[in-house]
Amino acid sequence: MSIALALHVLAVTVWVGGMFFAYMVLRPVAASQLQPPQRLPLWQSVFSRFFPWVWVAIVLTLASGYWMLFGPYGGMKNAPIFIHLMHALGLVMMAIFLHVFFAPYKRLTRYVQQSNWQEAGKALNQIRFLVGLNMLIGLITIVIGAAGKYWL
């Protein structure tokens with residue numbers, strides 16, 4: 001259980017912490033100091049380095065979460081409600097990431113390669129909204145994981 005929990009927390013920290021940094025720190029600085037021809041390739045490069053870590057985080061989160069769920073908890077029927085909430089919100093986060101990765105991120109990459117700053121900006125705005133949403137869901141999920149057994 002301790003190994004699964006440590007992997008779970010580390011994976012979630014990398015994913016949600018990365019989104020927090022990108023959204024709350026890097027985004028406002030990049031927007032205030034860089035024009036689209038510099039800002040959009042920067043974001044494409046940032047995502048190209050961060051998204052492989054998100055894939056690893058997703059695999060580790062799922063594997064460690066199911067390890068705990070079907071090990072110590074003995075399956076879904078025995079798990080407390082806060083575990084079900086974390087599970088559901090985690091799956092929503094993963095679905096949002098999959099959409100970001102396979103739709104607006106692919107468009108952003110293509111438009112940056114073409115120097116089509118207007119369309120690249122539209123793709124980045126979609127990513128910005130979805131990362132902000134995912135970050136919020138992630139922070140709520142962390143609170144549920146940390147304190148849910150005391151509240152629910």
Looking at side-chain heavy atoms only, is the closest gap between [X] and [Y] below 4.5 Å?
| X | Y | answer |
| --- | --- | --- |
| Met19 | Phe97 | no |
| Val14 | Val54 | no |
| Trp43 | Arg27 | yes |
| Ile137 | Ile96 | yes |
| Val143 | Trp151 | yes |
| Leu10 | Leu60 | no |

If hydrophobic clusters are built from ILVMFWY residues whose side chains come within less than 4.5 Å, do [X] and [Y] share one?
| X | Y | value |
| --- | --- | --- |
| Tyr105 | Leu98 | yes |
| Val131 | Leu34 | yes |
| Phe20 | Val56 | no |
| Ile127 | Ile58 | yes |

Aromatic plane relationship, Phe51 with Phe47 - under 30° parallel, 30 to 60° tilted, over 60° perpendicular: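 Correct class here is parallel.
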What's the shortest heavy-atom distance between [X] and [Y], and which atoms?
| X | Y | value |
| --- | --- | --- |
| His84 | Met76 | NE2-O, 2.9 Å |
| Gly132 | Tyr23 | CA-CE1, 3.6 Å |
| Ser64 | His8 | OG-ND1, 2.8 Å |
| Gly138 | Met93 | CA-SD, 3.5 Å |
| Leu7 | Trp67 | CD1-CZ3, 4.4 Å |
| Phe101 | Lys106 | O-CG, 3.3 Å |

Separation of [Y] [atom2] from [X] [atom1] (nearest 0.5 Å):
| X | Y | atom1 | atom2 | answer |
| --- | --- | --- | --- | --- |
| Asn78 | Ile83 | CG | CD1 | 12.0 Å |
| Asn134 | Phe129 | CG | CZ | 10.5 Å |
| Gln44 | Leu108 | CD | CG | 6.0 Å |

side-chain contact (heavy atoms from CB on, under 4.5 Å) evaluation trace for Met135 with Phe21: CA-CA 10 Å; Met135 180 188 67; Phe21 173 78; over 6 Å; no
Those residues that, when tested against Lys122, pass side-chain hydrogen bond (donor to acceptor under 3.5 Å, both in side chains) (two or more places apart):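 Checked Lys122 against side-chain hydrogen bond (donor to acceptor under 3.5 Å, both in side chains); matches are Glu119.
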